[in-house]
Q: 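Structure provided below as structure tokens; questions to follow.
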Amino acid sequence: MTVNFHEIAKKWQKEWATQKTFEANADTRPKFFLTTPYPYVNGLLHIGHTYTYMRVDATARYRRMLGNNVLFAFGFHATGTPIETAAKRVREREEGQLNTLKLMGFTEKDWKNFEDPLYWISTFSKEAKQDLSNYGMSIDWRREFITTDLNPHYDKFIRWQFNKLKEKEYVIKSKHPVVWCPSCNAPTGDHARSEGEGEGPKDFIWVKFPVENSDLILMAGTTRPDALYAEKTLWVDPTAEYQIVNVQEEKWVVGKGTLNKIEQHAITCKEEGTIKAEELIGKKVKGAVTGESLYILPASFIDANMGSGLVYSALEDPFDYMEMKHIQEDKQLLRKYNLDADEMKKIQPKSIISVEGMGDDIGKEMCTKFNITSYEDKTKLEEAKAETNKLVFRKGIMKKNCGKHAGLTVSETQEQLKKELVETGKGIMFYELTGKVICRCLTDCHVKIVDDQWFLAYGNKQWKEQAHKCIQQMKLYPEKVRGQFEYVIDWLKDWACTREFGLGTNLPWEEKWKIESLSDSTIYTSYFTIAPQLEKLPVEKINDNFFDYLLLGKGNADAIDIDNKIIEEIKHEFEYWYPFDFYNSGKDLVQNHFAFLIFNHVAIFPEKYWPNGISTNGYVNINKQKMSKSKGNFKVLRDLVKEFGADVVRIGILSTGEDLNDVDWDSELAESMKNKLGQWYDFAIENYQEISKELRVKSSEKKEIDKWMEHQLHKIIKETTQAMNETLFRTAITKGFFDLQRHLKWYQKRTAGKMNAALVAEIIEAQTLMLQPFTPHLCEEIWQKIGKQGFISHTHWPTYDENKINPEIEQTETLMIQIIDDINHVLKLAKIDKPTNITFFVAENWKYDLFKKIQELIKETRDIKQIMQSVTANHKEHAKESAGLVQKIVKDPSKLPAHVSVQDTEHQNLIDATKFLKEHFRCTINIVKEQESKESKAKQAMPGKPAILVE
RNA sequence: GCGGAGGUUCCCGAGUGGUCAAAGGGGAUAGCCUCAAGAGCUAUUGACUUAGUGUCUUCGCAGGUUCAAAUCCUGCCCUCCGCACCA
């Protein structure tokens, strides 16, 4: 192997840079604009980026070869808190943080520098740019930029964006529950927790039950307001003392220790005294929905410290059912609380929900099903309750006796009732954590309702509709992510878009806020089209009017204090390039970043600037393991490129997966790729140079085997093109490289070195062109060495000729391959190491006729008799044999070759292959027609399957 | 729990009713070449079969439809992604 991957990579990268090969400006060609979420610059690019960016570059390079004016733009993201936090940790010399830097090759002398967030930004954006260039990315670097107010032009752009959103009332102030750390005085996201990952606020509704003839109100928390239609009792913890809390002139009765929770919900309250449970038991409250009088009763499973400390019951739950039964039957208990036995007996469940496959008394039914006999059997009751709630929530429909909710599903009813109860003042929303959460600062977190926060109103219905419309018009790679997109758009709620600290752009109308990181990266893709010219303009002259005119065509250029000619130039660039055609990243971004991007585009831009295409891919594993710093298998892009060379990494990373599947970085595969590419380099250069013009003209006449090779080539170009169009790069490499190479090797052998010169030249060109998106450096080198002018990067993708694709030709070769397989099989079974002679017997012609006939008939019927009758008439002289064959074939139609030929053709094909077979098996070869031989084996010959005798 | 994507032979993966013991790649084993290593080439890689185009077992598990199932239907199990205030 003569190729040095590192050297040629360096050579061509330099060449591309000096020739400005990938700088793209508006012109008259059809454009193709690609980009990818700008990386957050808190570290070196790693193997995940290696994959994602490669998908973009391969697409860019492919589109360039199709004749598009291609722009691949790239920027850097610094908005948000992690960099600031990381710098702070370096200041504190926190071990974990220093280790992360050490992993990336930094040492103690760098710590001082990394104390400053700005150093992070400048270092890692510079390093990333270098890494990407070394990786062979065809990026137009003139358009690079960084976010935050470090870039005052971009800062202006983001302010403009938010002013636009505000005008449309898509930025709103509202209330929201968040997991809150009281010490950090900030929301605590999953990544910022030392315990409690995945926990979050769960909403309850606290329903008011006024005590009859009293000013007290019992507050019962529930997740099932639907059951209020069957409210029957109010449970208290009989051993507890409750507290009376004054909330806006109402006297709430709640469990002790609830005061904090109420305050966290931004409600002012004051404790006014306590009341023992016993004092409440036997009294009555007014039902919140039915208005019926309900008894306050003791229940063993109530814990005054949970929720509000009180629970209402509809007796449709196994717990309620058993507890009520217990009250009704336990005389001692009745006496203790002075309850009337007859009155208690009257309390019976009311059926309000129909569940398919269940009767009216769900509580009782579930107790029977779970074999529960006592109210004390808490374990089984828990199971039964979970099952009940699941069933009811999934399948329950409200019955006729449920007023306006009749006929609705339980989940719909729950949502509506929550809203109604809050609106009519009968209830209040409450949030509690689903589990314990501890902040990284080791403080216990709780739910907090934040109420001065700004939100992007992704919950807005009209906005959602527009977003759906955008998705419907968009090309998605792969198409199967569409369902997830549709779902996410419906599911998104309002998003808190401002922060109190971190880097970024200030909210224009309330400067104390920073615009949050995901919110400032939504329409930034348009900024690439204007960045280089825009950033040359004096920033103080850039204002909202400027962007209105530039990006939306509103207003007029004369009103802007900038040379009109320059404005129009920039405007033209935007209008030419926008929207983007391909935006690619990992599948995890569908649920947030991609969705936000769609929302913001439809909010700000007219339809013609809505995104054209979004692409998603899986993750990268390293030798089947997830990449993680702690496992020590953290791979950065630069190390891979250093070890294997850019081209090998590029094609290697795309070779193990595509679609939404995860890919695996496989060093062994990369190694093998390196060899294969090296072989190709040698083959291409050696062979192409030998092919003189005269030879090409002379070789215009083509034999069968040449036609076969030509067929394979054109079929492969066709299939590879299709795969490239869908960014199925693994398929493209499999077909366009592995398959073509395999067939070429076969062709070399079959022709015993006498390949058709013109065809070989065509193959060399097509193969090199098809590799260009993946291994551009190698391909430029080959292109130059075989004497082509100009960059292969700008050469047209190979085209295929449908007329040269002919499945029948393929059949002949398949036959040859099968023959070799059969001989190998025989050699193995007969334990013959080195054959001295192989004889082939080609079947008699009547067999071909018979096979053809059967092939036709079998399409219509599988009935043996019927086929037999229509067939045997023509084959009287071979009646017995024919009958046997018919039976065999009908039973297993795989015995029929795809294409039934004739004896002479197959005979001739074998004769043509004699030389090849001789060399392959290193023995003499005889080819005989069945009828000309007395050998008993000869009779075994079948169409497409000559009989074989090995000696 | 909810929504989405998946489960194929040693591994990665192709394959959606018959041409399927299942492409291609990786790995492994053996042979050729070589002073040797690497590369390359050839063969093998579910089991049985000392002359073949056979038999048996296999495509997450269990049933079903069909002359015929990796492929269609039903139920179940498992893995990955997301479920939010954040890159």
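In this text, all values refer to a predicted model and were calculated from it rather than measured experimentally. Letters A, B, ... mirror the listed sequences (proteins, then strands); counts begin at 1. Computed from heavy atoms alone, side chains included, the values below leave out hydrogens, waters and symmetry copies.
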Q: So with a 6.0 Å cut-off around NZ of Lys735(A), is the heavy-atom count from everything else above 12?
A: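 Open.
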Q: Would Arg650(A) and Phe774(A) count as a cation-pi pair here, with the cationic atom under 6.0 angstrom from the ring centre and within 45° of the axis?
A: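 Not satisfied by the 6.0 Å and 45° rule.
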Q: Indicate yes or no for a side-chain donor-acceptor contact from Lys847(A) to the backbone of Ala941(A) under 3.5 Å, with no hydrogens or angles considered.
A: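 Between the backbone of Ala941(A) and the side chain of Lys847(A) there is a qualifying donor-acceptor contact (under 3.5 Å).
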Q: I want to confirm an ordering. Mapping Ala947(A) and Thr79(A) to their closest nucleotides on RNA chain B, which one lands closer to the 5' end?
A: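 Comparing both residues, the 5'-ward one is Ala947(A).
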Q: If each of Ile948(A) and His593(A) is mapped to the nucleotide of RNA chain B with the nearest heavy atom, which maps nearer the 5' terminus, i.e. the 5' end?
A: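 Its nucleotide being nearer the 5' end, the pick is Ile948(A).
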Q: Where the side chain of Val178(A) is defined as all heavy atoms beyond and including C-beta, which of G24(B), G3(B), C85(B) is the nearest nucleotide?
A: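 Taking heavy atoms from C-beta onward, the closest nucleotide is C85(B).
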Q: Should C76(B) form a Watson-Crick or G-U wobble pair with both distances under 3.5 Å, which nucleotide is its partner?
A: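 By the stated definition (distances under 3.5 Å), G60(B) pairs with C76(B).
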Q: Checking contacts here: which listed nucleotide (G24(B), C81(B), A39(B)) is nearest the side-chain heavy atoms of Asn675(A)?
A: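 Selected nucleotide (nearest to the side chain): A39(B).
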Q: For a quick check of understanding: with a heavy-atom distance under 4.0 Å over all strands, which category does Gly80(A) fall into, base, sugar-phosphate or nothing?
A: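 Sugar-phosphate only.
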Q: Pick base, sugar-phosphate or nothing for Thr81(A), based on heavy-atom distances below 4.0 Å to the nucleic acid.
A: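 Sugar-phosphate contact only.
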Q: At a cut-off of 3.5 Å, list every protein nitrogen or oxygen paired with a nitrogen or oxygen from nucleotides 6-10 of chain B, distance to 0.1 Å.
A:
| unit_1 | atom_1 | unit_2 | atom_2 | d |
| --- | --- | --- | --- | --- |
| G6(B) | OP1 | Lys480(A) | NZ | 2.6 |

Q: Could you give the distance from NZ (Lys464(A)) to CG (Asn460(A)), rounded to the nearest 0.5 Å?
A: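 If we round to the nearest 0.5 Å, Lys464(A):NZ and Asn460(A):CG are 8.5 Å apart.
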Q: Between Lys676(A) and G26(B), is there a contact of a side-chain N or O with OP1 or OP2 at under 4.0 Å?
A: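 Affirmative; the distance criterion is met.
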Q: Please confirm whether the shortest side-chain N or O distance from Arg499(A) to OP1 or OP2 of C86(B) is below 4.0 Å.
A: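 Affirmative; the distance criterion is met.
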Q: Which nucleotide, in any strand shown, forms a Watson-Crick or G-U wobble pair with C41(B), with both distances under 3.5 Å?
A: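 By the stated definition (distances under 3.5 Å), G31(B) pairs with C41(B).
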Q: Base, sugar-phosphate or nothing for Asp494(A)? Non-hydrogen atoms, less than 4.0 Å.
A: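 Counting heavy atoms under 4.0 Å across all strands, the contact made by Asp494(A) includes a base.
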Q: Searching all strands shown, indicate the nucleotide that pairs with A23(B) (Watson-Crick or G-U wobble; both distances under 3.5 Å).
A: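 Its partner: none found.
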Q: Report which part of the nucleic acid Ile733(A) touches: base, sugar-phosphate, or nothing (heavy-atom distance under 4.0 Å, all strands).
A: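 No contact.
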Q: Which whole number of Å gives the distance between the P atom of C85(B) and that of A23(B)?
A: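 Result for the P pair: 48 Å, nearest Å.
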Q: In terms of side-chain heavy atoms of Glu668(A), which of G27(B), C41(B), A5(B) is nearest?
A: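 Ranking G27(B), C41(B), A5(B) by closest atom to the Glu668(A) side chain puts G27(B) first.
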Q: With the side chain of Tyr40(A) defined as its heavy atoms from C-beta on, choose the nearest nucleotide among G26(B), G3(B), A87(B).
A: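 Of all the options, the side chain of Tyr40(A) is nearest to A87(B).
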Q: Are Thr734(A) and G25(B) close enough that a side-chain N or O sits under 4.0 Å from OP1 or OP2?
A: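 For Thr734(A), the contact criterion (side-chain N or O under 4.0 Å from OP1 or OP2 of G25(B)) is not met.
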Q: Answer yes or no: is there a donor N or O on one side and an acceptor on the other, between the side chain of Asn600(A) and the main chain of Phe596(A), under 3.5 Å?
A: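 Here the side-chain-to-backbone pair exists.
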Q: Counting only side-chain heavy atoms from C-beta out, which of A87(B), C41(B), C85(B) sits nearest to Lys749(A)?
A: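 Looking only at side-chain atoms, Lys749(A) lies closest to C41(B).
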Q: I want to verify a distance call: between G24(B), A87(B), C86(B), whose nearest atom is closest to the Phe738(A) side chain?
A: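 Nearest to the side chain of Phe738(A) among the choices is G24(B).
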Q: Does G82(B) have OP1 or OP2 sitting under 4.0 Å from an N or O in the side chain of Lys587(A)?
A: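 It does not, given that no N or O in the side chain of Lys587(A) lies less than 4.0 Å from OP1 or OP2 of G82(B).
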Q: With side chain to side chain contact (heavy atoms under 4.5 Å, CB included) as the test, would you mind laying out the steps for Leu771(A) and Trp680(A) before giving the verdict?
A: CA-CA 11 Å; Leu771(A) 276 174; Trp680(A) 173 247; 4.0 Å; yes
Q: Any idea which of C81(B), A14(B), C86(B) is nearest the Asn592(A) side chain?
A: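 In terms of side-chain proximity for Asn592(A), the closest of C81(B), A14(B), C86(B) is C86(B).
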Q: Taking OP1 and OP2 of A87(B), is either one under 4.0 Å from a side-chain nitrogen or oxygen of Ser517(A)?
A: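 For A87(B), OP1 or OP2 has a side-chain N or O of Ser517(A) closer than 4.0 Å.
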Q: Ring of Trp495(A) versus six-membered ring of C85(B): centres under 5.5 Å and planes under 30°?
A: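 By the stated criterion, Trp495(A) and C85(B) stack.
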Q: C83(B) phosphate, OP1 or OP2: any side-chain N/O from Lys493(A) under 4.0 angstrom?
A: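 Checking Lys493(A) against C83(B): no side-chain N or O falls below 4.0 Å of OP1 or OP2.
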Q: For the residue pair Ile83(A) and Val41(A), establish whether any side-chain heavy-atom pair is separated by less than 4.5 Å.
A: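 Contact flag for Ile83(A)/Val41(A) side chains = yes.
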Q: Under 4.0 Å: is that the gap between some side-chain N or O of Gln679(A) and OP1 or OP2 of G40(B)?
A: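 Yes.
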Q: As a test of reading the structure: which of C41(B), C85(B), C81(B) is closest to the side chain of Asp588(A), going by heavy atoms?
A: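 Among C41(B), C85(B), C81(B), the one nearest the side chain of Asp588(A) is C81(B).
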Q: Please pick, from A87(B), G25(B), G3(B), the nucleotide with the shortest atom-to-atom distance to any side-chain atom of Pro82(A).
A: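 Nearest nucleotide to the side chain: A87(B).
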Q: I'd like to know if Asp739(A) reaches the base of A23(B) with its side chain such that a donor and an acceptor end up less than 3.5 angstrom apart.
A: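 Side chain to base: no pair present.
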Q: Side chain of Ser655(A), backbone of Ile651(A): donor and acceptor closer than 3.5 Å?
A: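 Yes; at least one donor-acceptor contact below 3.5 Å.
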Q: With sugar-phosphate meaning primed atoms plus P, OP1 and OP2, does Leu669(A) contact a base, only sugar-phosphate, or nothing at under 4.0 Å between heavy atoms?
A: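 Sugar-phosphate contact only.
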Q: Any chance NZ of Lys173(A) has more than 12 other-residue heavy atoms, nucleotides or ligands included, within less than 6.0 Å?
A: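 Count over threshold, so yes.
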